[in-house]
Amino acid sequence: MTNNQQPINLACPIPSYDLQIIKLGHGSGGKMTESLIEKVFLPLIGNDILNERDDAAIVSVENVSIAITTDSYVVSPIFFPGGDIGSLSIHGTINDLAMRGARPLFISAAFIMEEGLPIGDLQKIIASVHEACLQSGVTLVAADTKVVNHGAADKLFITTTGIGLVSINPAPACNRAMPGDAIIISGDIGRHGIAVMTSREGLDLETEILTDSCSINDVVQAMLQVGQHKIHCLRDITRGGLSGVLNELAIASDVGMTIEEEFVPLHPQVKAVCELLGLDPLYVACEGRFVAIVDADCAEQMLEIMSRHACAQDARIIGTVVQEHKSRVVLRSCIGGNRILDKLSGEQLPRIC
Ligand code: MG
C-alpha cells in the first residue's frame, strides 16, 4: 500500500454477532435473531412466559386460558403472487394462535404508512385484511393508523395482535417433543419465500409460484379434536424455514431430530429456482405450512385428517424425534449421507414476511 492509497476494507462478509448496530440479518429468524433476543431483549424484559418463546403466550385470567400473540409484517413488495401484506398479516397472526391449540377470536392491527402510498393500494390491502378475517372466523376489533415521512418506512408496515381461547391442557408447546415422536410436515416448503422473491423488481423468472399463505386453523382444530393430548408440538414454518423451526423445537425440547430429505415435499419449480439462485429450500419461509410433532401411534391418523384439508393435503411424515444428538437436527440426504441442519446464521431472503 502506498502512502496515497486508502486502506482496503478487509472486513469479513460473514454474519456478525457484535450487536453494536442492527443489521438485516437480525431479522432472519436465525442465529442473529436469537442472539439479539437473548442478549438484548430477554435480559431487559424477559419473564417466565416470554422466556418460553412459543408462537403465542398462554395466560390465565380467572380460570380462562387465553393465547396472545403479536407480529409485524414488513414484506417487500406489499403485493406478491397469490397474496399481499394484508392477508399475510391476518394469516400469520391466526396461525401463531393455532400453533398453541387456541381458537383464534380477535385481532388488532396497526397500519404504519409511508407518505406517498397510493390510497388505491391501501384500499386493496384493507379489503384483503377483511376477507382473510372473514374466511378465518376472526374479528378485527381494534386498529391504529400512523403516517411517516417518505423514506421513513417502505410503503406499508402492519403490526398485529391476536387473541384466542385455549381449551386444552397441556397445550402444544415447543418444549414437549419426546423421543419416538413422529415429525409431520403439512405440505411442500418454500413457496412463500420464492413467490415474494420472484416478484421483486428485476427478478423475472417466468415462474408461476404462488405464496402458500393461508390460515391453517381449521386443519389444526380438526387434528386437536381427535388427538389433542398426542399432539406435542406445533410450529408454523415461517422465518428460518423448516430447518430453523426444527432447530428451535429440538433445542427447546432437549431432544435430537432425524429428517429424511427424500420425504420433504418440494415443488419442482421451487426446487428449480432455489438451484438457480443458490438458495437452500430448507431455509426458505412458508406462511401456510406447519410442523406437527405427535405421538407415533397417532401419526397415520393425523395424516388422514390433514389430507381432507386443501392446505395440508400433501402432509407426510418426514422424520423422528430421537434421544441421541440432543438439540441437533440431522438430515439423511437422498444420496445416503448425513448432515447437521444448523440454524441459518444471517439472512438468506430479507423482508419475506
Ligand atoms: Mg410462528
Side-chain angles (χ1 to χ4, degrees), residues 26-31 33-34 36-37 41 49-58 66-75 83 85 87-104 107 109 132 136 138 158-164 166 171-177 183-187 189-193 196 211-221 223-224 231-253 282-293 311-312 329 343-344 347 349 351-353:
H26 286 120
S28 64
K31 287 182 180 176
T33 307
E34 191 178 284
L36 182 69
I37 292 171
F41 280 87
I49 298 172
L50 209 49
N51 293 354
E52 288 173 1
R53 296 169 63 175
D54 264 304
D55 280 316
I58 295 181
I66 295 167
I68 181 164
T69 187
T70 194
D71 217 333
S72 293
Y73 297 85
V74 298
V75 63
I85 192 172
S87 53
L88 179 71
S89 69
I90 302 303
H91 294 152
T93 309
I94 287 168
N95 293 348
D96 274 345
L97 293 171
M99 295 299 95
R100 297 307 312 277
R103 185 160 60 90
I107 286 188
S136 311
V138 295
I158 302 177
T159 295
T160 59
T161 294
I163 291 177
V166 184
C174 61
N175 62 359
R176 290 189 55 214
I183 303 171
I184 298 175
I185 193 166
S186 66
I189 56 170
R191 281 186 199 229
H192 176 72
V196 171
T211 176
D212 48 43
S213 174
C214 67
S215 163
I216 49 182
N217 181 46
D218 285 353
V219 63
V220 170
Q221 293 301 323
M223 293 166 69
L224 290 167
I231 299 172
H232 299 152
C233 311
L234 296 169
R235 197 79 151 187
D236 53 343
I237 305 170
T238 54
R239 283 183 309 173
L242 176 65
S243 184
V245 163
L246 292 178
N247 269 283
E248 286 167 5
L249 298 177
I251 292 166
S253 296
L282 293 167
Y283 295 90
V284 178
C286 315
E287 285 291 341
R289 302 284 188 240
F290 65 99
V291 162
I293 295 185
C311 67
V329 181
K343 268 189 162 184
L344 206 60
E347 182 64 291
L349 295 170
R351 292 189 54 195
I352 225 74
C353 56

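Both counts, for ligands and for their atoms, begin at 1 and track the order of listing. Predicted model only: the values in this text are computed from it and were never measured.
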Under 3.5 Å donor-acceptor, S87 side chain and A132 backbone: no

Counterpart residues, side chain to side chain contact (heavy atoms under 4.5 Å, CB included), relative to I58 (two or more places apart): S65, A67, R100, V166, A171

Side-chain donor/acceptor of D212 to backbone N/O of A285, under 3.5 Å: no

Heteroatom count (protein N, O or S) under 2.8 Å of the Mg ion (ligand 1): 3

side-chain contact (heavy atoms from CB on, under 4.5 Å) assessment of R289 paired with R191: CA-CA 10 Å; R289 302 284 188 240; R191 281 186 199 229; 4.0 Å; yes

R176 CZ: over 12 foreign heavy atoms closer than 6.0 Å: yes

Any donor-acceptor N/O pair, D71 side chain to T160 backbone, under 3.5 Å: no

